[in-house]
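Data first, discussion second: the structure below is written as structure tokens.
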Amino acid sequence: MLALLGHFAVHLAIYNRLNATGLRRATIKRIEKVFVLTCVALPIWLLYTLLHRTGSLEETLQRFNELPTAVQWYGVFCLIALIFLGVPWLLWRPLLGWEWAATTRRVRTLKVNRIVEQPLALSRKCKLASRIPFNQIFDLAIEEIDLPVIGLPSSLDGVRIAQLSDLHFTGDMSPRYARYVIEQSNDWGPDLLVLTGDIIDKQPCIAWVADLFRESKATYGQYFVLGNHDTRVADPREIRNAMRASGWTDLGGKCKRVSVRTELVEIIGNELPWFPAAAIQSCAPGELATPFRVLVSHSPDQIWWARRHGVGLMLAGHTHGGQGRIPLAGPLLSPSWHGSRFASGDFYKSPTTMHVSRGLGGVHLLRWNCRPELSLITLRASNVKVR
């Protein structure tokens with residue numbers, strides 16, 4: 001049973017890391033199909049073969065040394081993999097709070113499909129998914145977060161940042177859902193508004209951008225980067241052009257200097273590994289850059305890039321919080337080189353404080369114990385380091 005658990009751990013690790021690469025979508029899907037097949041079919045085939053040979057599972061286990069050498073070695077490999085993958089997985093569980101920043105959260109949950117007038121599910125697929133018990137795709141969590149940021153200039157204490165992420169316009173859900181989210185952001189009155197990628201999945205939905213995003217407001221500007229799903233349209237530059245025409249600043253591979261209150265801030269865009277990152281000066285290990293740097297990244301994997309470049313605050317999405325979370329254990333699925341370590345939440349890796357949003361939409365119209373999130377972040381100056 002331990003070897004079987006190791007077998008699934010190996011396939012889960014491969015799946016998560018495969019979807020963190022910059023490979024073409026078609027290539028990823030082909031590789032995924034192979035590994036889904038081996039994940040399910042290999043244990044079934046092996047069990048059938050062994051039972052056919054020995055007659056009973058008990059006898060099979062008693063005669064382990066007589067099994068084919070390849071089977072024995074694979075069993076040993078799975079046991080070793082379970083240790084090397086399982087121990088870090090346990091260590092990074094949200095329950096333990098390792099590397100997590102201590103925040104204060106005030107969460108309101110709104111069933112948007114019961115608030116707005118028109119139906120939010122447009123496609124048959126979405127209508128069916130919305131009826132699945134405990135599915136939370138329309139249960140918006142508005143999370144007001146007091147986020148302590150080590151090294152934050154005192155003049156930026158109290159700055160309010162609204163973060164949208166992973167809207168995934170596919171045509172399955174009505175744009176009225178995104179409009180409602182933007183209205184909530186506007187009511188809060190943010191100083192900065194950022195969108196951390198995965199805006200458009202389907203070409204016709206580019207037409208939604210102008211009507212939706214021209215209504216958004218922020219005192220010191222609105223900034224966006226693209227994500228991996230934005231490469232699914234014919235030309236991602238169409239998304240950039242539509243967003244810019246709506247009054248948003250494209251941060252893709254760029255660094256902008258913005259005066260926020262009395263402080264000069266560098267706001268940087270990172271869309272790696274799908275698009276190039278901004279070319280900026282790196283810093284000594286653990287050193288914050290001057291002026292204070294804010295990184296808007298699609299993937300939380302760029303935390304290491306942020307640390308090398310002295311970023312004080314990083315905002316990311318991409319992982320959807322795992323799309324579903326097991327009580328106590330947290331998420332399993334997470335398209336990241338680090339698995340579910342940074343699936344969602346607030347983290348500190350010197351000198352960078354990072355917030356990872358669960359996002360607002362998704363191609364997979366299922367969310368269990370993982371509500372879509374509108375992040376309303378108030379920055380707080382802090383000198384207290386976390387574990």
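One-based numbering along the sequence shown. Quantities reported herein were computed from a predicted structural model and do not represent experimental measurements.
- Partners of Asp211 according to the salt bridge (Lys or Arg N to Asp or Glu O under 4.0 Å) rule, which considers only residues two or more places apart in sequence or in another chain, are Arg214.
- The ring-ring contact (aromatic ring centres under 6.0 Å, His included) pairs that include a residue from residues 120-161 number zero, where partners must be two or more places apart or lie in different chains.
- The aromatic rings of Phe213 and Phe169 sit tilted relative to each other, their planes meeting at an angle between 30° and 60°.
- Distance alone, capped at 3.5 Å, places no donor-acceptor pair between the Asp146 side chain and the Arg380 backbone.
- A side-chain donor-acceptor contact under 3.5 Å links Asp198 to the backbone of His229.
- Each of Ile145 and Leu376 belongs to its own hydrophobic cluster when Ile, Leu, Val, Met, Phe, Trp and Tyr are linked at side-chain heavy-atom distances under 4.5 angstrom.
- Remark: Arg176 pairs with Glu183 by the salt bridge (Lys or Arg N to Asp or Glu O under 4.0 Å) rule, at least two apart or across chains.
- Smallest separation of non-hydrogen atoms from Ile206 and Ala242: CG2-CB, 4.2 Å.
- Not one N or O on the side chain of Asp166 forms a donor-acceptor pair closer than 3.5 Å with the backbone of Gly361.
- For the side-chain hydrogen bond (donor to acceptor under 3.5 Å, both in side chains) test, residues two or more places apart in sequence or in another chain that qualify with Tyr180 are Gln184.
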Notebook entry, point to check: For Val363 and Arg232, what are the C-alpha separation, side-chain angles and deciding distance, and is it a side-chain contact (heavy atoms from CB on, under 4.5 Å)?
Noted result: CA-CA 12 Å; Val363 174; Arg232 297 185 179 187; 4.0 Å; yes
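- Other residues sharing a hydrophobic cluster with Leu37 under the 4.5 Å side-chain heavy-atom criterion for ILVMFWY residues do not exist; the residue is a singleton.
- Under the 4.5 Å side-chain criterion, counting only non-hydrogen atoms from C-beta, Leu152 is not in contact with Leu313.
- Taking the side chain as every heavy atom from C-beta outward, Cys283 and His309 never approach each other to under 4.5 Å.
- At most 12 non-hydrogen atoms from other residues, nucleotides or ligands lie less than 6.0 angstrom from CG of Leu2.
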Notebook entry, point to check: Under the side-chain contact (heavy atoms from CB on, under 4.5 Å) criterion, do His364 and His320 qualify, and how do the steps go?
Noted result: CA-CA 10 Å; His364 306 293; His320 296 202; over 6 Å; no
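- By the salt bridge (Lys or Arg N to Asp or Glu O under 4.0 Å) test, Glu32 pairs with Lys29, sequence neighbours left out.
- Two residues are said to be in side-chain contact when any heavy atoms from C-beta on lie closer than 4.5 Å; Phe84 and Ile80 meet this criterion.
- Applying the salt bridge (Lys or Arg N to Asp or Glu O under 4.0 Å) test to pairs two or more places apart or on separate chains, those with a residue in residues 271-280 are Arg240-Glu271.
- Phe35 has its side chain out of reach of Leu18: every pair of non-hydrogen atoms, C-beta onward, lies at least 4.5 Å apart.
- Counting heavy atoms from C-beta outward, Ile137 and Ser130 have side chains that approach closer than 4.5 Å.
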I'd like a table of donor-acceptor pairs (distance under 3.5 Å, sequence neighbours excluded) in which one partner is a side-chain atom from residues 219-228, with atom names and distances.
from: Tyr220; atom 1: OH; to: Arg261; atom 2: N; distance (Å): 3.3
from: Gln222; atom 1: OE1; to: Ser216; atom 2: OG; distance (Å): 2.3
from: Gln222; atom 1: OE1; to: Lys217; atom 2: N; distance (Å): 3.4
from: Tyr223; atom 1: OH; to: Tyr220; atom 2: O; distance (Å): 2.9
from: Asn228; atom 1: OD1; to: His298; atom 2: NE2; distance (Å): 3.1
from: Asn228; atom 1: OD1; to: His318; atom 2: ND1; distance (Å): 3.3

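- Side chains of Trp188 and Leu193 form no contact here, defined as non-hydrogen atoms less than 4.5 Å apart.
- Pairing each heavy atom of Val356 with each of Glu373, the nearest pair is O-OE1, 4.4 Å.
- Ile326 and Trp89 fall within a single hydrophobic cluster, where Ile, Leu, Val, Met, Phe, Trp and Tyr side chains are chained together by heavy-atom contacts under 4.5 Å.
- In this view, Glu144 and Arg106 satisfy the salt bridge (Lys or Arg N to Asp or Glu O under 4.0 Å) rule, not counting sequence neighbours.
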Side-chain donor-acceptor contacts of residues 331-347 below 3.5 Å, not counting sequence neighbours, with atom names and distances?
from: Ser334; atom 1: OG; to: Gly339; atom 2: O; distance (Å): 3.1
from: Ser336; atom 1: OG; to: Asp301; atom 2: OD1; distance (Å): 2.5
from: Ser336; atom 1: OG; to: His338; atom 2: N; distance (Å): 3.0
from: His338; atom 1: NE2; to: Trp304; atom 2: NE1; distance (Å): 2.7
from: Ser340; atom 1: OG; to: Arg93; atom 2: NH2; distance (Å): 2.7
from: Ser340; atom 1: OG; to: Pro331; atom 2: O; distance (Å): 3.3
from: Arg341; atom 1: NE; to: Glu99; atom 2: OE1; distance (Å): 3.4
from: Arg341; atom 1: NH2; to: Glu99; atom 2: OE1; distance (Å): 3.0
from: Arg341; atom 1: NH2; to: Glu99; atom 2: OE2; distance (Å): 3.1
from: Asp346; atom 1: OD1; to: His355; atom 2: ND1; distance (Å): 2.6
from: Asp346; atom 1: OD2; to: Arg105; atom 2: NH2; distance (Å): 2.5

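- In this structure, the side chain of Asp250 does not engage the main chain of Arg244 through any donor-acceptor pair within 3.5 Å.
- Residues Thr170 and Asp172 come closest through the heavy atom pair OG1-OD2, 2.9 Å.
- Contact record, Ala162 with Ser185: CB-OG, 3.4 Å, taken as the closest heavy-atom pair.
- Other residues, nucleotides and ligands place more than 12 heavy atoms under 6.0 Å from the NZ atom of Lys254.
- Proximity of a side-chain donor or acceptor of Trp368 to a complementary backbone N or O of Pro133 within less than 3.5 Å is detected.
- Arg179 places no side-chain N or O within 3.5 Å of a backbone atom of Pro175 that could act as its donor or acceptor partner.
- Side-chain atoms of Glu143 do not come within 3.5 Å of backbone N or O of Ile377 as any donor-acceptor pair.
- To the nearest 0.5 angstrom, Trp305 atom CH2 is 5.5 Å from Asn270 atom CG.
- Hydrophobic clustering (ILVMFWY, side-chain heavy atoms < 4.5 Å, transitive): Ile142 and Leu315 are in distinct clusters.
- Under the 4.5 Å side-chain contact rule for hydrophobic residues, Leu164 and Val194 do not share a cluster.
- The backbone N or O of Ile161 sits nowhere less than 3.5 Å from a side-chain atom of Asp191 that would complete a donor-acceptor pair.
- What you find for Cys255 and Ile268 is that their closest heavy atoms are SG-CG1, 3.7 Å.
- Counting only N and O atoms by type, the side chains of Gln302 and Ser297 include no donor and acceptor under 3.5 Å apart.
- Within the structure, side chain to side chain donor-acceptor pair (under 3.5 Å) pairs that include any residue of residues 109-120 comprise Lys111-Asp139 (at least two apart or interchain).
- Taken together through direct or relayed side-chain contacts under 4.5 Å among Ile, Leu, Val, Met, Phe, Trp and Tyr, Leu4 and Val76 form parts of separate hydrophobic clusters.
- Nearest heavy atom pair, residue Lys127 against residue Arg131, reads O-CG, 3.3 Å.
- Counting only residues at least two apart or on different chains, the side chain to side chain donor-acceptor pair (under 3.5 Å) pairs with a member in residues 274-296 are Glu266-Arg293.
- Looking at heavy atoms from C-beta onward, Phe292 lies in side-chain contact with Val149 at the 4.5 angstrom threshold.
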Next item on the list: Could you walk me through whether Leu140 and Arg371 pass side-chain contact (heavy atoms from CB on, under 4.5 Å), step by step?
Entry: CA-CA 6 Å; Leu140 176 66; Arg371 291 182 175 89; over 6 Å; no
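- No side-chain heavy atom of Ile303 sits under 4.5 Å from any side-chain heavy atom of Pro300.
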Margin query: Test side-chain contact (heavy atoms from CB on, under 4.5 Å) on Arg30 and Thr27; report intermediate values, then the result.
Written below: CA-CA 5 Å; Arg30 283 195 292 267; Thr27 302; 3.6 Å; yes
